[in-house]
Structure formats: C-alpha cells, structure tokens
Amino acid sequence: AQSVTQLGSHVSVSEGALVLLRCNYSSSVPPYLFWYVQYPNQGLQLLLKYTSAATLVKGINGFEAEFKKSETSFHLTKPSAHMSDAAEYFCAVSEDTPLVFGKGTRLSVIA
Amino acid sequence: DTEVTQTPKHLVMGMTNKKSLKCEQHMGHRAMYWYKQKAKKPPELMFVYSYEKLSINESVPSRFSPECPNSSLLNLHLHALQPEDSALYLCASSLNTGELFFGEGSRLTVL
C-alpha cells in the first residue's frame, strides 16, 4: 500500500536560511508525489508535483523537490526562508487511488 | 476558473440541527471529494464521487450524507452530529486520481 512519512513534525529555521522538509514514500509502482502547503484556517494549496517527467521539480514561491528513487525520497527545499513561508506542509502520494497524505510538518521561520 | 468554492466558511450547529455544506467547481473535473481535517492533523478522506456516482465511502457515519446533484456541485448533509465532529471540512476536485484542487474549507462547530 502506498504511504508517505514526513520526518519531523516541526521544523524551525531562521529567516534567510535553507528550508529542508523531508518526505519518504512507499509505493509498489512509480508514484505521483505532491507537496501541499496550508496556511492557518485555509485550504491546501499545491506547491509542486512529481509525475515522472523530471526528477527535479520546481514549484511556486521558490520551492523545489527532487525525486530520488534509490532513496524513496521527495524532500522539499527552498534556498532562503521568508517569514511568509511559515505554514503546515504536507507530502502526499498517489498511485491509482486518492491522495494519501503524510502527517505534516509545521515550518516556523524566526526573524 | 481554477477555483473550488465552499460555503459557508463557518457553521455553528446544535446536535439536533440539520445543515448542509456546499462545494462548487467549474474546471470540468469529474471527481470530487470530501475531506475532514482536525487541528494539527492531515486531511482524512471521507467520500469520493466519480462521474457523479459515489465511488468511495471511508466508513463514514450515516449522520454525514453526501450528494452530487451534477458534475459541478457537491453537498454534504449534516444531521445529529456530535461535538467530536467539529473540524474543517475540505472539498476537492480532480481530473483523475492525481492532483487535487482544494477549496478554502468550511469550519464546523457542533455544540
């Protein structure tokens, strides 16, 4: 069965520092992988998605993620954190069924 | 139009009330979803409609009753809810089983 594991329920970085949010997936076939962001009291917004076209995926707001099959990982990165990046981030996987979400990682950005 | 619109944004109801949540999309998506999200948790799938037919019911209690009147509309009828049903209810749509487009959610409080 497909699943994702997000390492770290809470990550705190300084403004301007590198953001690294970790996601490992489990899937029996090449999956579709997604990162969503959720700001307080809002719905989920797609940051980026992997659909096998390219292993390095660029998304909105300066985020990107690299699909590494050998490590079954799809970590999310951003070179320089902004205060506005503070939010909850969800990794998700899809094979032939609706998206399965990870437990989420709350990102805090310190001024 | 790339939006999923949910109404109302906030709803407070007693345990004996009957109310409905509404969701609308005009992207031509043929799959629509209801998710329930508790605080600091990932969204949990409740129902999936595919081509206006209920395709997935994740063992949701019968006090939640979904309805898909047409390909653009999705309702969630609520009756005799419990305080523990208080949550953010998210509607989403998709072209297939990949990327989901989410609404802003309806915040439900059951007194």
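Naming: A, B, ... by sequence-line order, numbering from 1 per chain.
- Considering every non-hydrogen atom in both B/Leu90 and A/Gly43, the closest pair reads CD2-CA, 3.9 Å.
- By the rule that hydrophobic residues join a cluster once side-chain heavy atoms approach within less than 4.5 Å of another member, A/Tyr32 and A/Leu56 end up as members of separate clusters.
- Neither A/Phe34 nor A/Val37 shares a network with the other; the hydrophobic side chains, linked directly or stepwise wherever heavy atoms of I, L, V, M, F, W or Y lie under 4.5 Å apart, form separate groups for each.
- Nearest heavy atom pair, residue B/Pro42 against residue A/Gly102, reads CB-O, 3.2 Å.
- Considering all non-hydrogen atoms of both residues, A/Gln42 and B/Leu88 come closest at O-CD2, 4.0 Å.
- The hydrophobic clustering, which links ILVMFWY residues whose side-chain heavy atoms are closer than 4.5 Å, places A/Leu20 and A/Leu48 apart.
- Atom CG of residue A/Asn41 and atom NZ of residue B/Lys9 lie 11.5 Å apart, to the nearest 0.5 angstrom.
- Cluster annotation: A/Val19 is not connected to A/Leu7 through the hydrophobic network of ILVMFWY side chains, with a link wherever side-chain heavy atoms come within less than 4.5 Å.
- Heavy atoms of A/Gln38 lying under 4.5 Å from chain B belong exclusively to its side chain.
- We find the CG-CZ distance between A/Leu46 and B/Phe102 to be 9.5 Å, quoted to the nearest 0.5 Å.
- Contacts of B/Gln37 with chain A are made by side-chain atoms alone, with heavy-atom separations under 4.5 Å and no backbone atom involved.
- When heavy atoms are compared at a cutoff of 4.5 Å, A/Leu44 approaches chain B by way of both its backbone and its side chain.
- With a 4.5 Å cut-off on non-hydrogen atoms, A/Glu88 does not touch chain B at all.
- Remark: B/Lys40 NZ to A/Lys103 NZ distance equals 15.5 Å, nearest 0.5 Å.
- Note on A/Met83: it clusters hydrophobically with A/Leu107, by side-chain heavy-atom contacts below 4.5 Å among ILVMFWY residues.
- By the 6.0 Å contact criterion, NZ on B/Lys38 is enclosed, its count of non-hydrogen atoms from other residues, nucleotides or ligands being greater than 12.
- Around atom NE2 of A/His10, more than 12 heavy atoms belonging to other residues, nucleotides or ligands sit under 6.0 Å away.
- The closest donor-acceptor contact from the side chain of A/Tyr36 to the backbone of B/Leu100 lies under 3.5 Å.
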